[in-house]
Amino acid sequence: MKNNLFLDAAFSKKTERPPVWMMRQAGRFMPQYWEIKNKYSFLEMCKTPEIAADVTMLPVDLLGIDAAILFSDILVTGEAMGGDLSFTQGVGPKFANPVRNAQDVENLNVDCLSELQYVADAIKVIQQRLNGNIPLIGFAGAPFTVMSYLVEGGSSKDFKLTKLMLHNQPELAHQLLAKIAKVTADYLNLQIAAGVNAIQIFDSWALALSWNDYQEFSHRYIQEIIANLNRKDIPVISFCKGSSVFAPIMAEAKPDVISVDWNADLLNIKNALPAGIAVQGNLDPHILYADKTVIKAQIHKLFERMRGTEGFIFNLGHGIMPDIPFDHVKYAIEVVKEFRY
């Protein structure tokens, strides 16, 4: 690997500056993304290896980030298991056959890795294009987050149906989560075998859970997934909205990196974690709307706070919003790359 900054930081080694990549770095804030998106549906983009590679490479070529992330979606596991998935502009993802009862859970297939072969094919194309310049991050949705989409039938503001299942039918919820966890571990190992250099687990909706429910219905399954990964030389990043609260529990699953939302002081989180766990984050993405002088000042403020800390990857506390100006994102990455400890 010509640029090892990201992998070194993920394994808590000393780096000359913080490596940088951004969640949703290949996405709707880029005019070049829309040139592709206007020709194909979202799922066509995910399922056509050459197109997935084209989109993955956009921030590599246009932004000069230190790590690429596979272009895909957290819900492809739910679809592979039997979910009837669609994406509608302005609406988001929908499952036409939501999982609401024991028969629905029973109908979900866990032997579905062949349904995800297109992801392995995309990884191989992407790695050919990266040509050993920077690492490629693979990823999957965490079981609770995927469960919430399957049960709600799509996005939700209150997760009412999901929480009703957790509280009224906990055994059924555990059956569903166990199935998703099995598929997720297999899927991530498929990505590792295909050639990704790191893994991130996204629990996008963990913040909907109480402390106790997070332990019971999310953490235990992430712990199980990480324990079953073929992770030799492959750093594992654990991210959730709520990591500023749940980081002490997340550490028990033994990830290499915890990706932290913007609601916490990153150094305080880092100092409270066991030695050898790196942190990723945690700039509020809304700062990228601000003037460039503000962007630079905020990044430098974070870097001065983290000065002398081994195991720090610069990222946002969540993904880039679609209407953030492209040149602001590019400028932020330039500020990071010019910095030296």
Side-chain angles (χ1 to χ4, degrees), residues 9-10 12 18-25 27 29 69 74 137 139 141-145 148 155-159 162-163 200-219 222-223 236-253 255-274 277-291 294-307 309 311-324 328-329 332-333 335-336:
S12 293
V20 54
W21 72 279
M22 294 185 182
M23 289 181 271
R24 295 203 200 112
Q25 67 187 15
F29 72 101
I69 184 164
I74 61 171
I137 304 166
F139 72 92
F144 170 74
T145 289
S148 75
S155 302
S156 174
K157 288 195 170 106
D158 58 10
F159 304 93
T162 310
K163 289 193 166 195
Q200 179 155 315
I201 299 170
F202 284 85
D203 205 353
S204 305
W205 302 124
L207 193 56
L209 294 170
S210 69
W211 180 270
N212 289 340
D213 285 346
Y214 177 78
Q215 282 191 297
E216 182 175 354
F217 296 107
S218 177
H219 166 65
I222 292 172
Q223 192 168 31
V236 177
I237 308 166
S238 184
F239 166 77
C240 75
K241 276 175 98 172
S243 49
S244 51
V245 176
F246 297 133
I249 313 176
M250 295 167 75
E252 294 172 11
D256 298 288
V257 185
I258 290 177
S259 190
V260 182
D261 58 39
W262 66 86
N263 301 106
D265 178 272
L266 194 59
L267 185 61
N268 288 346
I269 294 279
K270 172 74 171 138
N271 288 341
L273 291 171
I277 296 184
V279 289
Q280 177 177 275
N282 72 333
L283 191 76
D284 180 349
H286 294 83
I287 287 168
L288 297 181
Y289 287 118
D291 295 337
V294 176
I295 294 170
K296 183 173 186 175
Q298 291 289 337
I299 291 171
H300 278 197
K301 186 176 181 181
L302 174 61
F303 285 2
E304 289 304 329
R305 179 74 176 139
M306 298 301 289
R307 185 179 284 278
T309 303
F312 167 44
I313 299 164
F314 176 79
N315 207 310
L316 305 177
H318 198 233
I320 300 173
M321 280 79 79
D323 60 344
I324 286 177
H328 284 209
V329 179
I333 289 165
V335 169
V336 175

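We're numbering straight along the sequence, starting at 1. Scope of the values below: all heavy atoms of this structure, side chains included, with no hydrogens, waters or symmetry mates.
- Using a 4.5 Å heavy-atom cutoff, the side chains of L288 and L316 are in contact.
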Task: Chi angles and distances behind the side chain to side chain contact (heavy atoms under 4.5 Å, CB included) call for D203, Y214 - done: CA-CA 11 Å; D203 205 353; Y214 177 78; 4.0 Å; yes

Task: Test side chain to side chain contact (heavy atoms under 4.5 Å, CB included) applied to W211 and V245, step by step - done: CA-CA 8 Å; W211 180 270; V245 176; 4.1 Å; yes

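- Looking only at side-chain heavy atoms (C-beta outward), K157 and F159 stay at 4.5 Å or farther from each other.
- Between L302 and N282, some side-chain heavy-atom pair lies under the 4.5 Å cut-off.
- Here OG of S259 is found 7.5 Å from CE of M250. Values are rounded to the nearest 0.5 Å.
- Applying the salt bridge (Lys or Arg N to Asp or Glu O under 4.0 Å) rule to D284 yields no partners; only residues at least two apart in sequence or on another chain are considered.
- Contact between T145 and A206 at its shortest, heavy atoms only, is OG1-N, 4.4 Å.
- Counting heavy atoms from C-beta outward, P19 and I313 have side chains that approach closer than 4.5 Å.
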Open item on the list: Between N268 and R305, does the side chain to side chain contact (heavy atoms under 4.5 Å, CB included) criterion hold? Intermediate values first, please.
Closed with: CA-CA 10 Å; N268 288 346; R305 179 74 176 139; 3.2 Å; yes

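- Side-chain contact between W205 and T162: absent, with no pair of heavy atoms (C-beta onward) separated by less than 4.5 Å.
- Not a single donor-acceptor pair under 3.5 Å links the side chain of K163 to the backbone N or O of D158.
- Here the side chain of Q215 pairs no donor or acceptor atom with the backbone of I249 at under 3.5 angstrom.
- Minimum interatomic distance between I222 and P143 (heavy atoms only, all atoms of both residues): CG1-CD, 4.5 Å.
- With sequence neighbours excluded, no residue forms a side-chain hydrogen bond (donor to acceptor under 3.5 Å, both in side chains) with D291.
- Between W262 and H318 the shortest side-chain heavy-atom distance falls below 4.5 Å.
- When all heavy atoms of N315 and M22 are compared, the closest pair comes out as OD1-CA, 3.3 Å.
- Proximity of a side-chain donor or acceptor of D261 to a complementary backbone N or O of G242 within less than 3.5 Å is detected.
- The aromatic rings of F312 and F314 sit perpendicular, their planes meeting at an angle over 60°, well past the 30° parallel limit.
- Taking Q200 as the reference, Q280 meet the side-chain hydrogen bond (donor to acceptor under 3.5 Å, both in side chains) condition, with sequence neighbours excluded.
- Here L266 contributes atom CG and S244 contributes atom OG; the two are 10.5 Å apart, rounded to the nearest 0.5 Å.
- Using a 4.5 Å heavy-atom cutoff, the side chains of I69 and Q25 are in contact.
- Note that the CE atom of M306 and the CG atom of D265 stand 8.5 Å from one another [nearest 0.5 Å].
- Of the charged side-chain nitrogens involved, none lies within less than 4.0 Å of a carboxylate oxygen, so that E304 and K301 do not count as a salt-bridged pair.
- Residues A251 and I258 come closest through the heavy atom pair N-CD1, 3.7 Å.
- For the atom pair H219 NE2 and L209 CG, the distance stands at 13.0 Å (nearest 0.5 Å).
- When all heavy atoms are compared, the tightest approach of R24 to F29 is O-CE2, 3.5 Å.
- Atom CZ of residue F144 and atom SG of residue C240 lie 11.0 Å apart, to the nearest 0.5 angstrom.
- Side-chain contact check for V336 versus F303: some heavy-atom pair is nearer than 4.5 Å.
- Distance CD1/I74 to CD1/I201: 12.5 Å, rounded to 0.5 Å.
- Nearest heavy-atom pair across G317 and F239 is O-CE1, 3.4 Å.
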